[in-house]
Structures are given as C-alpha cells and as structure tokens.
Amino acid sequence: MSDQPSQDSGPPKSEPSPGIGTPRPPEPAESGRAATGAPAPAGPAETGRAAATVEATGAPGPTGTLGTTGTPVGGPANPWQYAAGAPRPRSGAHDGPVARLRPPVPPLIPPAVLWSVLATAVLSACFLGDGIGANLLIVAVPAALAAFFAARSAGRRLRPWTATWAVGGLALLAVPALRDAGWPTFLAMVSAFALGSLTLHGSRSWPGTIIGSVGLFDSVVPGIIWGVRGIRARADGSRARWGAALRTAAVALVLLVVFGALFAGADAAFAELLGDLLPDAPVGEAPWRIFLFALGLAGALAAAYAAAAPVRWDGITVRPGKPRGRAEWALPLIVLNLLFAVFITLQLVVLLGGYERVRAETGLDHAEYARQGFWQLLWATLLTLLVIALALRWAPRGGSRDRTLVRAVLGPLCVLTLVVVASALRRMDLYVDEYGLTRLRISVAAMELWLGVVLVLILAAGVFGSRFLPRAVAASAAVGVLAFGLLSPDSLIAEQNVQRFASREEAGIDIDYLKDLSADAVPALDRLPEPQRSCALRIIQREVLAADTPWYATSWGEARAQEILEKRPVRGDGRDCYRLGRDGTRDGFEPHGDGYDPY
C-alpha cells in the first residue's frame, strides 16, 4: 500500500472539499446513537473556523481534507487512511493548544476495545508488580489489540510505516525478556513507547516525528473520558446483558477456585504448576496492584483513543529561515571542508603507519593518543550535524543552481565527517585494546556508529529527496537500540575482558568492575580461572540465587545465570578478592595517569 493519498476519489470541483469540523448528515447506522449521549456534529461556526484556519495557513486540517468517499485529498495522509465508504467520526469540541490539530471525536467505543482494555488492566495488575521481563510483552499485546480494534471501527486501514512502527515496538519489548541488564532494558522500554506513539499518530515531518513519539500522553485524559462515556451509554441500553455477563463471570470464577483448590490438594505436581503460572499477590500489595490496574487501564484507553482519532502533529510547521546569498552561505562551509580535509589527511598518515613520528613529537602511546582525541571527535560529529541542519535552514533556494550548490558543499562535508567517525571508532578500538571494554566505552562507540548512519541517511536524502529522512532517522535509532539490547552489552564487556586476560595475563583484569555487571555476563565470567572467577561472580550469585521472581518477571539472562551458578557455585569466602585489587590487576589503572579510570 502506498503512503500517498488517493487524488481521484475527492469531491467534484463544483463542491468545496469538506475540511475538519464540516458537518455531515448522520447515516442510518449512526442515528440510533444520538440518544446515547455521544457528542453531536460540529455546527456551522466550527466549520467556518476550521475552513478559515486551513485557508489562512495553507496547512491541512488535523486529519487532512477528506473527499466524499472518505479518502484524504491533499496534505499528508493519515497512518490509517479512511477506507472508501467508511463512516467518518463525528466532530466534537476540544479545548487546549492542540485543538486545531485534533480530529473529531471518534464513534462510541466498541465492545472489542472495552474487553481489550480490561484485559490490559487486569494483566498489568497481575504481572507488572513483580519485576520486568516477559510481562511487558504480555501486557502490550491486548493494548495493541485495543488500538487495532479502535482504528478499524473508525474506518482506518493499516499503512506500511504504521506496521513498521508497531512491529518494531513489540520487538523492543523482547529485550527485557531476554536481558537482565537495566540500562539496555530502559532504553528499549523508552524506545518501544516512542514507536508505539508513532504507530498511533503516523507522523512524517520533523516536528511530527519528534512530538509524535511522545504524543500518546496527550490522549490519556480524552481516552479516559471516551471510555467512561462509552461504558455509560452501553450500560444504559443493555443492563440485562451486563448483568448476565457479570453473573456468568462470577459463576466461572467460583468454579475455577473451588475445583482448582481441590485438584491442587489432590496432586502436588498440579499444585506446583498452578503456583508457577498464577501470580503471587499478597494482600499488602493491594494498593500497588490497584495502581497498576489503573495505569494499564489509562494507557490502553489512551492508545485506543489515539488510534481512533490521532492528533495530526504534522500540522505543526517550522518556517524555513531566510535564504542567504550564495557566497555568504557557501564560503564558511567551504573553509570548514578544507579544515576537515587537512585533519583527515593527518589521520590517514597516522593510521597508515606514521604513528611513530607522532609519538616522537607528542610522547603519547597508542592508548593515550586514542583517549586524547576520541571525545573531541565525537563532539565534532555532533556539531557537524548541527551545522548541516542550520545550513539547510538558511540555504539559498533560488532554483536548480542553488540546489546543486547545496549538494556540492554539504555532500563533501558529510563524507569527510564519516571519515572522522571512522577515526573516532579506531581510536576507541585502540583504547579498549589497551584498557578493556566498559559500559561507557561501548555506549559512546555505539552512539558514534549511529551518528555515522545518520550521516549516510543525510547523503541519501540529498540524492533521493528528504521526505523519508525524519522517519528513517527514527527507524535507525530504534534499530540501534534493539541491536544494542539483543547483543547484550554486559555480555560483550565480560567477553572482551576475559579474552584479553587469557591472551595477555600480565595486563590483568578489573575484577572490581566486572563484579558489578548483570547476570548477562555470567557465561563469559564463568570461564575465568580461580580465584578471579569466584571474585567476579560472588555478588551476582548472591543476587541471582536469592531472587524469588516468577517466570514472567525473570529474563532469559537471569535464568541462564542461575543454571550456571547452581552447577558451579563460587568458591572460598572472598579473602583473595581484596588481594587481586591491591595487586594492580584492575583494568583501567594507568600507571602514568592520575590513578584508576573506570571509563
């Protein structure tokens, strides 16, 4: 399916295309809802204000201008485009700074959405109170179903980028189920929320992508109001059905409790299985469980409401800067290009074998030379991206000659900056080879690598057009976070340090640093000789074996570490560990520096 809106399904030219807020005669299927208390269509005043806004600003309405068949005509398309012949949501009044960007209030909340929201709330109360693991993915599935049902009831259909964001967000929630380390888990959770919000809003511009990644917060209060109104309307018209449903659920629950208790008392294996599957919720945790229930309920309602009526954050536009003259704009950037070229030439000399001359002039060894320049090169990469953004804002826009000038100046700058990225990564490699890998070192190296990917995307935008750039940058960031979590940074840190110690035992190993890693590092640390192995694993073993978390809050990394440590527990009482630290075997200790440097 194409992201482009259909242009041939719009209204006849003799009739004006209805904008957001335009009244629409109720269809026969909707006429019965008038008595339910749902908001009425907007009146002529609201229609006039919406039309004046679109005419004055030249920007589309919150959901684009809709043709008679429900297909957007002009302006950016929705993530879920209105299907042909689908009923349009009715208008409603909204207050606040985003009122111009907000579409009409969606129809009455469907029963499928209500049941999915209720399932999300119940699962949140049952599973999220014991820790983080596969439970996040379990809770996210019914919330995603609630959003899907709400979007379908509003007449929207899935778009390719929407599906990409949805699959990526669910994939990111697999990181907490696989890894024990808290920092990649936190990054994955934040990124999953951002992708989930983009799934519901489908923004494509820079302001829309940035604000849309957190735009779900704006739907929390409207979503709760939408849910309450829907429940009231349906309860008033179907008291008998709700009563029958409640009685059925109560009878089923009683039967499950009675016969489940009897079977558990009759068979110990069944009792153990039942205890492992069911969450353990003490009475004292009731307030915490109620809070989690409310959190899941509000979050699922917000997701469903945003899926049915997403705020059009793409309506926020940033005016381009005043174009500068060609010479005024190009000369500073050409000078910057020349400076980059001189620096890169020197870097190539060093990387290709001229390091001895640099060492003779500076007195720095490989590690010191690498450490001295990495942070400066990282900042140079970040500032170059800022320079490119500002240069594009004030670039001359007179015609094809100006476009050629912009590409001729900024293209080489991006290529030269890529060489700077490669030089920074090479410096980090030298430093890690000398002093070992740490969390900070692997994090900034991953950041530098992602900045290189952004530069490649900018180069591609200069050739193929920049329309895809905001979403491509967001997708590259999400892929980077997912890869970072799946590769298990704590495991990589332990693996590199263990291999380095095995090949160069005289270099030592930083036990005091490695013992604070997560359970993901246990398989690599288990290969250390004694007493280094026991010293590195003592704290991790105490935390892993003492933890009594259920299956849904236990990561695969914790389960694997528990299995290893149960087969081969640590030895001794830890007296040798202090001697290891005192003997200078701590990696990161620089004899000619100011002391211990964990970074």
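No experiment lies behind these values; they were computed from the predicted model shown. Side chains included, hydrogens not; waters and symmetry mates left out as well; all remaining heavy atoms used.
Interatomic distance, CZ of R471 versus OG1 of T164, reported as 9.0 Å (0.5 Å rounding). Annotation: the span from L301 atom CG to L118 atom CG amounts to 10.0 Å, rounded to 0.5 Å. Here the CG-CH2 distance, from D490 to W183, works out to 6.0 Å after rounding to the nearest 0.5 Å.
Annotation: salt bridge (charged side-chain N to carboxylate O under 4.0 Å, His left out) contacts of E543 (sequence neighbours excluded): none. Legend: residues meeting side-chain contact (heavy atoms from CB on, under 4.5 Å) with A472, ordered by chain and number and at least two apart, are L457, F468.
Under the 30°/60° scheme for interplanar angles, the aromatic rings of F193 and F217 are found to be tilted. Using a 30° and 60° split on the angle between ring planes, F291 and W288 fall in the parallel class, below 30°.
Side-chain contact check for D130 and T549: no donor-acceptor pair (N or O, by modelled atom type) lies under 3.5 Å. A donor-acceptor contact under 3.5 angstrom links the side chains of E566 and Q562, judged on distance only.
By the 4.5 Å heavy-atom criterion applied to side chains, L492 and S488 are not counted as neighbours. With contacts defined as side-chain heavy-atom distances shorter than 4.5 Å, the pair V421/W450 does not qualify. Counting heavy atoms from C-beta on, the side chains of R560 and V522 never come closer than 4.5 Å. Between E495 and V498 there is no side-chain heavy-atom pair separated by less than 4.5 Å. For the pair T438/I493, no side-chain contact is recorded, criterion being any heavy-atom separation below 4.5 Å from C-beta on.
We find that R441 and D429 are not joined by a salt bridge, their nearest charged nitrogen and carboxylate oxygen being 4.0 Å or further apart. Under the 4.0 Å criterion applied to side-chain N and carboxylate O atoms, R533 and E530 are assigned as salt-bridge partners. Between D433 and R500 there is no salt bridge, since no side-chain nitrogen of the basic residue lies less than 4.0 Å from a carboxylate oxygen of the acidic one.
Heavy-atom minimum distance, A521 versus A494: CB-CB, 3.6 Å.
A distance-only check finds no donor-acceptor pair linking the side chain of S491 to the backbone of L487 [under 3.5 Å]. With hydrogens and angles ignored, the 3.5 Å screen pairs a side-chain donor or acceptor of D314 with a backbone N or O of R204.
When each of V419, T417, L418, L339 is tested with I344 by the rule side-chain contact (heavy atoms from CB on, under 4.5 Å), just one qualifies, namely V419.
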